[in-house]
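Everything on this sheet refers to the single structure shown next.
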Amino acid sequence: MSKSATIKAVRGMNDILPTDSALWLKVERICAQIFSQHSYAQIRTPLIESTHLFARSIGADTDIVSKEMYTFADRNGDSLTLRPEGTASTVRAGIENGLFYNQQQRLWYVGPMFRHERPQKGRYRQFYQIGVECYGWSTPDIEAEVLSISHKVFQTLGLGRTNLQINSLGDSDARGRYREALVKYLSDCKEQLDEDSQRRLETNPLRILDSKNQDTQALLKEAPSILNYLSEESAKSFSDLQLYLNDLGVPFTINSKLVRGLDYYNDTVFEWVNEDFGAQSTVCGGGRYDRMVEQLGGKATPAFGFAMGLERLVQILQEQEADIAIEGDSADVFLISVGASARRQMIKLQSNLVSAGLNVQCHMGEGSMKNQFKRADKSGAKIAIIIGEEEAEKNSANIKILRRTDNPLAQQAVLQNDAPNMVTNLLKSL
C-alpha cells in the first residue's frame, strides 16, 4: 500500500457513526434500566481470554471454535483469543473471583465480541452483544424471569413482529438417546444432506437441526422430536415454564428443532426471531447451561441467560421506524458569544449550566451573530443564550426561546449567575 493510499476499516469491522450512536445509547440505557429494576448487576470482562477457555466451554467441534475465532500467540507463546461470546468469560470471572461460592448471582454485560464470519446484513466480525446471566437457580421460575426481561426490553423499544420460540434439549442422557435416534434417521438419507450436515452427522448431529439448507430442512420434517426423549424432570420443568410464561402474558411457540449453536446448553433453550430479517432472523437467544461452571473448574452451579445482538436489534428498529424518543441528543441550550471577553464568560457559563443538569452546546471560534444563530437552530436547542461585548462588561446575558411559535419570548436580559435557574424553569414550561 502506498503512503498516500486511504486506510479503510478492516473487513467486517464496522464504524458506528454519530447518526446512529444516539439510538445505540438509548437501547443500552433501556436495557440497563430494566436489568437494574430486576436486580441484575453489571460485570465487565476482558476482550482477550485464554483460547483454552472457549475450547472447553463452547465445544471444540462447534463452528465458532473450529472456524471463526480470532486466535493468536502472544510474545510468551501463549494462545490467546478475542472473545467470541460473553458467557464463558462471565463464568471464568465468577469462578476466579469466588462469585458462585454459596451465592446466587444476577449479572449482565455489554461489549464487543469477535468472530471471523462472512459479513452480511446485521452481522459483522466485530459485533456487540448485551446479555443477562443468572447463577444458582435450577428452577423454571428464573427462566421465566429472564424471558420476561427480554420481552420487557422489546416492548419498551417498540420492537414489532419478533416472536419467542422455546425448546428443551433435556439432560445429557436424553440428548444421548435422541442423538442415536437422529443419527439413525439421517444415516438412511445421508447422501441427500448438504455437505456441512454430512460432516456434522459424525461430529455434532444435533446442529443439523439448525441447518439453513432448504433440502436438509425438508428431510428433517419427519425426524424424531427431542421432546419425546425428555426425562420426567425435564418435561415437568419445561411444562412449568410454559405456565409461567402464560401467567406473564409472554406469547411463545414451541420449536422442537431449536438447538442453538453452542454445545454447552441443556434443557431450556430459546430464541427471539424477527419475521422480516431473513436467514439472520435471531435477535436474542439463550438457554440453560448448568454444566459450564463445573466444566471450567468451579463447583457445579446451575445457570441460565441470553445474549442479544445489538447491530441486528438496532437495524431492525431502524427498518421498522420504531418510535423511540432519544433523550439527550439535542442541546437544551446553545451559547452564542461575540468577542474575546464574552467567549471566556461563555465557557464558564457552559460549565455552570451543565452542573445544573442541562445539555449545552457552545459555538466555538469566530463567527457572526447570524451564523451562530443558524447553528443554534440546527442544534435543536430550545433556548439560546447570547453574550456580546456589552453583556460581557455587565456579566449579563440575553436569553431567547427558539422552539415555541406561540408568542416567542423576546431576548430577555439576566445576570449570568442567575441564568441556570432561569433556564431550568423556562425549560419546564416549554
Side-chain angles (χ1 to χ4, degrees), residues 54-55 58-69 84-85 115-123 125 161-231 234-235 238 252-289 309 312:
F54 303 113
I58 298 174
D61 291 329
T62 61
D63 285 348
I64 293 174
V65 173
S66 63
K67 297 179 180 179
E68 298 170 359
M69 295 202 310
E85 56 96 49
R115 297 183 193 175
H116 195 277
E117 299 179 287
R118 182 172 63 87
Q120 51 193 297
K121 182 179 180 181
R123 174 174 287 181
R125 290 176 176 174
R161 299 186 295 279
T162 302
N163 306 306
L164 174 62
Q165 298 181 2
I166 63 173
N167 191 27
S168 177
L169 302 179
D171 56 23
S172 57
D173 288 340
R175 277 194 312 285
R177 294 193 302 272
Y178 177 67
R179 176 187 171 119
E180 290 180 8
L182 184 63
V183 169
K184 181 179 180 181
Y185 171 82
L186 291 175
S187 294
D188 293 337
C189 51
K190 181 177 180 179
E191 298 306 317
Q192 300 176 57
L193 295 173
D194 62 274
E195 186 177 343
D196 268 354
S197 294
Q198 289 184 23
R199 175 180 58 82
R200 285 170 173 164
L201 190 60
E202 307 296 330
T203 60
N204 195 352
L206 266 65
R207 291 289 288 118
I208 298 175
L209 298 175
D210 196 37
S211 172
K212 300 300 186 290
N213 184 282
Q214 295 301 313
D215 293 334
T216 297
Q217 281 298 321
L219 292 172
L220 290 169
K221 287 182 178 179
E222 303 300 324
S225 169
I226 194 169
L227 296 176
N228 295 328
Y229 293 80
L230 299 182
S231 67
S234 292
F238 192 51
F252 64 90
T253 57
I254 296 173
N255 177 1
S256 63
K257 294 183 174 60
L258 175 61
V259 293
R260 303 288 298 146
L262 306 172
D263 282 356
Y264 52 62
Y265 287 116
N266 64 281
D267 287 295
T268 302
V269 290
F270 67 92
E271 289 183 352
W272 286 91
V273 178
N274 181 263
E275 298 173 6
D276 306 326
F277 224 61
Q280 304 303 322
S281 59
T282 302
V283 182
C284 170
R288 181 167 287 284
Y289 42 99
R312 195 169 297 169

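Starting from 1, each residue takes its place in the sequence as its number. Predicted model, so just to flag it, every value in this text is computed and none were measured.
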Requested in this report: For R177, enumerate each residue passing the side chain to side chain donor-acceptor pair (under 3.5 Å) test, keeping only those at least two apart in sequence or located in another chain.
Outcome: none
Report task. Return yes if some donor-acceptor pair links the side-chain N/O of R115 with the main-chain N/O of P84 below 3.5 Å, else return no. Result -> yes
Requested in this report: Could you tell me whether the side chain of E271 and the main chain of G285 form a donor-acceptor pair under 3.5 Å?
Outcome: no
Requested in this report: Check whether any side-chain heavy atom of R260 sits under 4.5 Å from a side-chain heavy atom of T282, and report yes or no.
Outcome: yes
Requested in this report: Evaluate the criterion side-chain contact (heavy atoms from CB on, under 4.5 Å) for residue pair L209 and L182; output intermediate values, then yes/no.
Outcome: CA-CA 10 Å; L209 298 175; L182 184 63; 4.2 Å; yes
Report summary line: All heavy atoms of G287 vs all of Y265, minimum pair found to be N-CE2, 3.4 Å
**Report entry** All side chain to side chain donor-acceptor pair (under 3.5 Å) counterparts of E117, not counting sequence neighbours
**Finding:** R123
Query raised in the report: Roughly how far, to the nearest 0.5 Å, is the CE atom of M69 from the CD atom of E85?
Result: 10.0 Å
Query - Student check: side-chain heavy atoms of E275 and S281 closer than 4.5 Å - result: no
**Report entry** Partners meeting side chain to side chain donor-acceptor pair (under 3.5 Å) with S197 (sequence neighbours left out)
**Finding:** D194
Report task. May I ask you to test the L230-D267 pair for a side-chain heavy-atom distance under 4.5 Å? Result -> no
Query raised in the report: With a 4.5 Å heavy-atom cut-off, do S172 and N266 have their side chains touching?
Result: no
Report task. Search all heavy atoms of I166 against all heavy atoms of F270 and return the closest pair with its distance. Result -> CG2-CB, 4.0 Å
Report summary line: CG of D210 to CZ of R200, rounded to nearest 0.5 Å, is 7.5 Å
Query raised in the report: Side chains of N163 and V273: closer than 4.5 Å at any heavy-atom pair?
Result: no
Report summary line: Sequence neighbours excluded, the answer for side-chain contact (heavy atoms from CB on, under 4.5 Å) partners of T253 is Q165
Report summary line: Taken in chain and number order and not counting sequence neighbours, the residues that satisfy side-chain contact (heavy atoms from CB on, under 4.5 Å) with N167 are L169, I226, L227, S256, L258, V269
Query raised in the report: Which atoms form the tightest heavy-atom contact between T268 and F238, and what is the distance?
Result: OG1-CD1, 4.3 Å
Report task. Hey, could you give me the CG/OH distance between N228 and Y178, rounded to the nearest 0.5 Å? Result -> 9.0 Å
Query raised in the report: Distance from I208 atom CD1 to K257 atom NZ, nearest 0.5 Å?
Result: 13.0 Å
**Report entry** Counterpart residues, side chain to side chain donor-acceptor pair (under 3.5 Å), relative to R161 (two or more places apart)
**Finding:** D276
Query - Polar side-chain atom of Q217 near backbone of S211 as donor-acceptor pair, under 3.5 Å - result: yes
Query raised in the report: Roughly how far, to the nearest 0.5 Å, is CD of E180 from CZ of R175?
Result: 13.5 Å
Report task. Any chance you could measure I254, atom CD1, to L164, atom CG, to the nearest 0.5 Å? Result -> 10.5 Å
**Report entry** Stepwise side-chain contact (heavy atoms from CB on, under 4.5 Å) check, L206 with R179
**Finding:** CA-CA 7 Å; L206 266 65; R179 176 187 171 119; 4.2 Å; yes
